[in-house]
Amino acid sequence: MDWYFIFPTISTSFIVISAVLVAIGWGLAIRRRLDAHKKVMIAAAIAAIIFFIIYSSRTVIIGNTSWGGPDSLKPYYITFLIFHIVLATVAAVFGITTLVLGFKSKYAKHRKWGRITSIIWFFTAITGVAVYVLLYLMYPGGHMKPLIHAILGW
Ligand code: HEM
């Protein structure tokens, strides 16, 4: 096992943990256990931030992994990957909005945004795991240079 495998495995686990916490937090909100809801959703946001820190630091320091599967599948993989990245970005913006609405006690809006945010987050996690399975378990590929090499001109 090398760092190229360990880092994505850890970061993907944090996406899954975060999505599970969102599901638990949603259940708590429905049962009106609002204090617990708040704590669990904050934990979900922290798990998402940990994912992002691990993901972005390994992109900069270690590098990414390129597609190792058949060329004929590559366009589908790239399309799917872009779909996942767009979902994750939208989920981040919606997540921050939902948290802010919660902290500002704008609960009617928070409720509407929260439902959409949670669903987008579930799809982000599912597509993230699918990318992980494709790239690291089914079709492990080559390694790309870390961003820091490009930055430092190595
Ligand atoms: C990104 C994090 C969060 C998400 C995804 C989220 C999601 C949700 C969802 C889906 C509901 C509606 C449940 C339903 O009736 O179906 C809800 C309700 C609620 N949330 Fe959150 N929540 C988050 C963070 C927070 C935080 C940080 C607070 C407090 C500061 C909070 C306070 C509340 C309250 C008070 C309600 C009940 C609103 C009402 O029914 O009028 N939430 N949340």
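This structure is a prediction, so every number in the text was calculated from the model and none was measured. Numbering of ligands and ligand atoms starts at 1, following listing order.
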Notebook entry, point to check: When the ring planes of H37 and H110 are compared, do they come out parallel, tilted or perpendicular, using 30° and 60° as the limits?
Noted result: perpendicular
Check: Hey, are T65 and Y136 close enough side-chain-wise for a donor-acceptor pair under 3.5 Å?
Finding: yes
Report every pair formed by an N or O atom of ligand 1 and a protein N or O atom separated by less than 3.5 Å, giving atom names and the distance to 0.1 Å.
from	atom 1	to	atom 2	distance (Å)
ligand 1	15 (O)	R111	NE	3.3
ligand 1	15 (O)	R111	NH2	3.4
ligand 1	15 (O)	R115	NH2	3.0
ligand 1	16 (O)	W26	NE1	2.9
ligand 1	16 (O)	R115	NE	3.0
ligand 1	16 (O)	R115	NH2	3.2
ligand 1	20 (N)	H37	NE2	2.8
ligand 1	20 (N)	H110	NE2	2.7
ligand 1	22 (N)	H37	NE2	2.9
ligand 1	22 (N)	H110	NE2	2.9
ligand 1	40 (O)	R32	NH1	3.0
ligand 1	40 (O)	R32	NH2	3.3
ligand 1	40 (O)	R111	NH1	2.7
ligand 1	42 (N)	H37	NE2	2.8
ligand 1	42 (N)	H110	NE2	2.7
ligand 1	43 (N)	H37	NE2	2.9
ligand 1	43 (N)	H110	NE2	2.9

Note to self: Would you compute the distance between atom NZ of K74 and atom OG of S66 and round it to the nearest 0.5 angstrom?
What the structure shows: 7.0 Å
Item checked: Hphob cluster co-occupancy, I82 + V93, side-chain heavy atoms under 4.5 angstrom -> no
Check: Would W26 and I119 satisfy side-chain contact (heavy atoms from CB on, under 4.5 Å), going step by step from the backbone distance to the final call?
Finding: CA-CA 10 Å; W26 192 346; I119 291 164; 4.1 Å; yes
Next item on the list: For a side-chain contact (heavy atoms from CB on, under 4.5 Å) with Y77, tell me which candidate from L81, T79, L73 qualifies.
Entry: L81
